[in-house]
> 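Sending over a structure as structure tokens; questions will come in a sec.
We name chains A, B, ... by the order of the sequence lines, and we start the count at 1 in each one. If you're wondering where the values come from, they're calculated on a predicted model, not measured in any experiment.
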There are 2 protein chains.
Amino acid sequence: MNIGEIAKRAGVSRSTVSYALSGKRPVSTETARRINEVIDELGYRPNASARALAEGRTRTLSLVIPPASRRLTDVQLGFVASVVEAAATQDLDVLLSPSGGDHDRSFERIVTGRRVDGVILMEILLDDPRVERLEQAGLPFVTIGHVEHPGASWWVDVDYAALIRRCVHHLADLGHQDVVLINRSDELVAAGYGPALRSSAGFLEAAGERGLTARTVCCADEPAAGLACFEGIRSRWPEVTAAVTINEAALPGLQRALHRAGLDVPRDFSITGVIASRLAEGFHPPLTAADVPAEEMARLAVNLLVEQIADPGATPRNALLEPAISLRSSTGARRR
Amino acid sequence: MNIGEIAKRAGVSRSTVSYALSGKRPVSTETARRINEVIDELGYRPNASARALAEGRTRTLSLVIPPASRRLTDVQLGFVASVVEAAATQDLDVLLSPSGGDHDRSFERIVTGRRVDGVILMEILLDDPRVERLEQAGLPFVTIGHVEHPGASWWVDVDYAALIRRCVHHLADLGHQDVVLINRSDELVAAGYGPALRSSAGFLEAAGERGLTARTVCCADEPAAGLACFEGIRSRWPEVTAAVTINEAALPGLQRALHRAGLDVPRDFSITGVIASRLAEGFHPPLTAADVPAEEMARLAVNLLVEQIADPGATPRNALLEPAISLRSSTGARRR
DNA sequence: ACGGTCTGTCGAACCGGTTGGACGGAGAGC
DNA sequence: GCTCTCCGTCCAACCGGTTCGACAGACCGT
């Protein structure tokens, strides 16, 4: 069931079948009809490997994810599914590759083996070796998040600094004086994880502008850590009346800690931050927070990548998204 | 930078380079040394498409996921990451393809285009057209979950019926008389989604054995539905003192409903079921529940698939996992 | 000295597509 | 009636690997 077989049965040459399929040269309607008939009858579809070899492109993208050991957050997971969907609408397949840890072999295989036409890189660090590797290999890529000094590169990101600033201003408007930022884990911060660093910067900047007393803490990405973290905050800084967070995984722990401390949200304590809408809505009460627009980011990333593959010489483009903050019910006026 | 270039620089023929790389025929140590030198120097790696074409296999698996629109549950997501990791340890790549909805083109592309050596199918329905399609195409595949009458097929599943039965016995042991099963959405049940149907069967069976009054309700996969669902239960059957569930997405809503009703868990009400450990631990209080062993299932599925690819004639194998129930703190003796 | 095995290497065919150049025939222009 | 296009088709080369059969030379036993 290859192209030669189709050609034989339709009584034409292999190239004619190819042209009938691709439309790259005219084929008489009568011939086209016969060819399509045979194709339908046999359920033929060109062999992807052969086509990739001949065309020099695989019609496949790679999405590089962090290893499973470091659990994916809800935002990231929504993103993976959305990338797959966005790629599917353009008839592209998505190869999922882990990276980091012991998985450098997978990454290397993708990069040097010409397995894919382009790469989407998640979880970018401010200084990321994979970026260099891809540049050196001359493989088109788009990063989710951007490196510290994104010279000429393609990326999509959420403006964490701006969003966190807005959260702080929102809390200041409500009269809060003492606020805390519950960041991601200190390992991530130490590794130079952009969203964590930029959130922290935006937090301190806005707090400074509004004359608030600002504290920041790191918190491992799990419920238990969220609980411990919040209790630490209460004991060290009992005057704090509001928290801003980007740590989704810690939320259940925060919830439990608030309950245990007998604090009512938003009467006694306010919470906001950048949180996947699904989780924000699952919180009790629903969180007033900036929703990370995973689908839009995915669509943008795929489009940028496709553009770059089509014209590798094009001048790099990027997108910095700043979604609105959804006012739900986890923030309220400070009470004393 | 292809194999011919390497051969030229090392002063040998292309086939010798190929044999040096694959080890399928002996090559003198001196020749091998020269070849490896050139390869290291140029950073050569065989073109994956060419190799796939020649060998007739792609060293790639496909993981078919439900469309993003139907949001993946936590269990499913952990499973995706684990499959990728398990495949990576065998130097296999994973192609992620959506299916259902408008994505049949993607699925067709995978199946007929010989893009992959085998397929892992998630979210199997009791009577699933994709299974037929794969059988007809003669493509090796493993299903997560099994069809109603799995003749000779390869699959991995969790024994929902047995686990739910154990949950019911556990509640009966604690003295509960009136129990309810909070199932997945009625669309899924109507579509013939195995875990939902088997849970229901196991629930009723065990309740019958122990003489309990058993009710079952369907609940859409989202927090709001969980809340509404629980309030419906309380108003229709106020005598119910314990719930069993497999609906992870509804948990936050359940939590909120319990809180709103002023019910303390486990003093006033007990909850158990089959729930991803991550979510079970995030609940307040932590749920006594059966943890779905996503990593183990993933590893098993990949291994079975690899085995099947190596020997398509082998007699099908399968695995029905029955993980232990983790005793946390969401169940207690019935009080009256 | 001779046939036989064994080792290392090479040439050529093959996997299944795409694509550029050539070519035959029909129709148009003169 | 003759050339000139243009349309539709075919042939052959190519993409970059793998693998089979052949073969030269070293080594063995007799």
Side-chain angles (χ1 to χ4, degrees), chain A residues 1-36 38-39 42-60 91 93 109-117 137 139, chain B residues 1-36 38-39 42-60 91 93 109-117 137 139:
Chain A
M1 51 262 25
N2 56 24
I3 202 173
E5 187 67 18
I6 304 295
K8 198 191 301 174
R9 302 212 189 192
V12 295
S13 75
R14 299 196 307 149
S15 48
T16 302
V17 175
S18 178
Y19 287 126
L21 248 49
S22 69
K24 295 192 180 169
R25 281 196 191 176
V27 167
S28 77
T29 48
E30 164 58 17
T31 308
R33 195 191 51 69
R34 272 211 321 283
I35 292 176
N36 284 324
V38 177
I39 286 179
L42 271 67
Y44 164 79
R45 195 168 298 257
N47 178 307
S49 303
R51 179 189 289 221
L53 176 57
E55 284 189 322
R57 62 172 181 155
T58 58
R59 297 166 189 270
T60 304
D91 283 329
D93 288 319
R109 200 166 52 224
I110 300 296
V111 175
T112 11
R114 310 244 150 254
R115 259 178 120 23
V116 297
D117 298 333
L139 198 58
Chain B
M1 47 290 349
N2 55 26
I3 202 174
E5 186 67 17
I6 304 295
K8 199 193 300 175
R9 300 211 189 192
V12 296
S13 75
R14 299 196 306 150
S15 47
T16 302
V17 175
S18 178
Y19 288 127
L21 248 48
S22 69
K24 293 190 180 170
R25 281 198 191 174
V27 168
S28 76
T29 50
E30 165 57 15
T31 309
R33 195 190 52 70
R34 273 211 320 284
I35 291 175
N36 284 324
V38 177
I39 286 179
L42 271 67
Y44 164 80
R45 194 168 301 254
N47 177 308
S49 304
R51 178 189 292 220
L53 175 58
E55 284 189 322
R57 62 171 181 155
T58 59
R59 297 164 188 274
T60 305
D91 283 329
D93 288 318
R109 200 167 50 225
I110 301 296
V111 175
T112 6
R114 310 241 150 254
R115 260 177 121 10
V116 298
D117 298 334
L139 198 57

> With the threshold set at under 4.0 Å for non-hydrogen atoms, list the residues of residues 109-116 of chain B touching DNA chain D in residue-number order.
none
> Nucleotide range of DNA chain D contacted by chain A, 5' to 3', under 4.0 Å to a heavy atom?
D/dG8 to D/dG16
> Specify the closest pair of heavy atoms between B/Ala137 and B/Val111, including all atoms of both residues, with the distance to one decimal.
CB-CG1, 3.4 Å
> CG/B/Leu42 to CE/B/Met1 distance, rounded to the nearest 0.5 angstrom?
8.0 Å
> For the backbone of B/Gly113 and the side chain of A/Arg45, can you confirm whether one donor and one acceptor N or O come within less than 3.5 Å of each other?
no
> Have a look at A/Ser49 and say if it touches a base, only the backbone sugar-phosphate, or nothing, with a 4.0 Å heavy-atom cut-off.
nothing
> Holding to side-chain hydrogen bond (donor to acceptor under 3.5 Å, both in side chains), I want the full list of residues that pass it with A/Arg109, two or more places apart in sequence or in another chain.
B/Asp91, B/Asp93
> Give a yes or no on whether the backbone of A/Ala10 and the side-chain of A/Arg34 come within a donor-acceptor separation of less than 3.5 Å.
yes
> Would you find a donor on one side and an acceptor on the other, under 3.5 Å apart, between the side chain of B/Thr58 and the backbone of B/Arg115?
yes
> Would you kindly compare B/Ala32 and B/Leu53 by the position of their nearest DNA chain C nucleotide and give the one closer to the 5′ end?
B/Ala32
> Between CD1 of A/Ile3 and CG of A/Leu21, what distance do you get to the nearest 0.5 Å?
6.5 Å
> Using every non-hydrogen atom in the two residues, find where B/Leu139 and B/Ile110 come nearest and quote the distance to one decimal.
CD2-O, 4.4 Å
> What residues form a side chain to side chain contact (heavy atoms under 4.5 Å, CB included) with A/Ala54, not counting sequence neighbours?
none
> About how many Å separate OH of B/Tyr44 and CG of B/Asn2, when rounded to the nearest 0.5 Å?
7.0 Å
> If you fit an axis to the five pairs at each end of the helix from C/dA1-D/dT30 to C/dC30-D/dG1, how big is the angle between those two axes, to 10 degrees?
50°
> Once rounded to the nearest 0.5 Å, what's the spacing between atom CD1 of A/Ile35 and atom OG1 of A/Thr16?
6.0 Å
> Between A/Asn47 and A/Ala50, which heavy-atom pair has the shortest distance, and what is it?
OD1-N, 3.0 Å
> Quick one: CZ on B/Arg51 to OG on A/Ser49, what's the gap to the nearest 0.5 Å?
12.0 Å
> What one-letter contact string describes nucleotides 17-24 of chain C from 5' to 3', where B marks a base within less than 4.0 Å of any protein heavy atom, S marks contact via sugar-phosphate atoms alone, and - marks no contact?
BBBBBB--
